[in-house]
Amino acid sequence: IYNFSFVASANEQDMANIFRMIGWMQATCTFYKMGALTQEVADIGIQISLKTLKEDFSPAVAKEAKSMTLKKYPDCSKIIP
């Protein structure tokens, strides 16, 4: 169970965008684990997602997205700072 503390202050559009970015991060991890993405390309994708979450919402949202992704995909610790 995740602590979606950011949901309380987010409207529907923001929530959709946050979860979309989390989905991109998780997809990046999946393709990285399958070998479809190099570590360098996957790292760039993750960095862009985290930067977008941090700038568009808050550092706390980016941190929570990172934690959620690492919990589900621990093998992605190489590409998630």
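Side chains are part of it too, since the values below use all heavy atoms of this structure and drop only hydrogens, waters and symmetry mates. All residue numbers in this chain count up from 1 along the given sequence.
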Can you tell me how far apart NZ (Lys78) and CD (Gln39) are? Round to the nearest 0.5 Å. 6.5 Å

Looking at every heavy atom in both Leu53 and Ile18, which two are closest together, and how far apart are they? CD2-CA, 4.1 Å

Minimum heavy-atom distance Met25-Ser49, with the two atoms named: CG-CB, 3.4 Å

Apply side-chain contact (heavy atoms from CB on, under 4.5 Å) to Asn17 and list each qualifying residue two or more places apart in sequence or on a separate chain. Gln13, Arg20, Phe57

Determine, using the 4.5 Å side-chain heavy-atom cutoff (strictly less than), whether Phe31 and Trp24 are members of one ILVMFWY cluster. no

Using side chain to side chain contact (heavy atoms under 4.5 Å, CB included), reason through Met68 and Ile22 one step at a time and then give a plain yes or no. CA-CA 8 Å; Met68 289 172 57; Ile22 292 170; 3.9 Å; yes

Applying side-chain contact (heavy atoms from CB on, under 4.5 Å), name anything that partners Lys33, two or more places apart in sequence or on another chain. Tyr73, Asp75, Cys76

Contacts of Ala42 meeting side-chain contact (heavy atoms from CB on, under 4.5 Å) (sequence neighbours excluded), chain-then-number -> Thr28, Tyr32, Leu37, Ile79

With rounding to the nearest 0.5 angstrom, report the CD1 to OG1 distance, Ile46 to Thr69. 6.5 Å

So if you build clusters from Ile, Leu, Val, Met, Phe, Trp, Tyr with side-chain heavy-atom gaps below 4.5 Å, do Ile48 and Leu50 land together? no

Min side-chain heavy-atom separation Lys51-Glu55 under 4.5 Å: yes

Hey, mind stepping through Cys29 and Ile80 against side chain to side chain contact (heavy atoms under 4.5 Å, CB included) and telling me if it holds? CA-CA 9 Å; Cys29 284; Ile80 298 177; 4.0 Å; yes

All side-chain contact (heavy atoms from CB on, under 4.5 Å) counterparts of Thr38, not counting sequence neighbours: Glu40, Val41

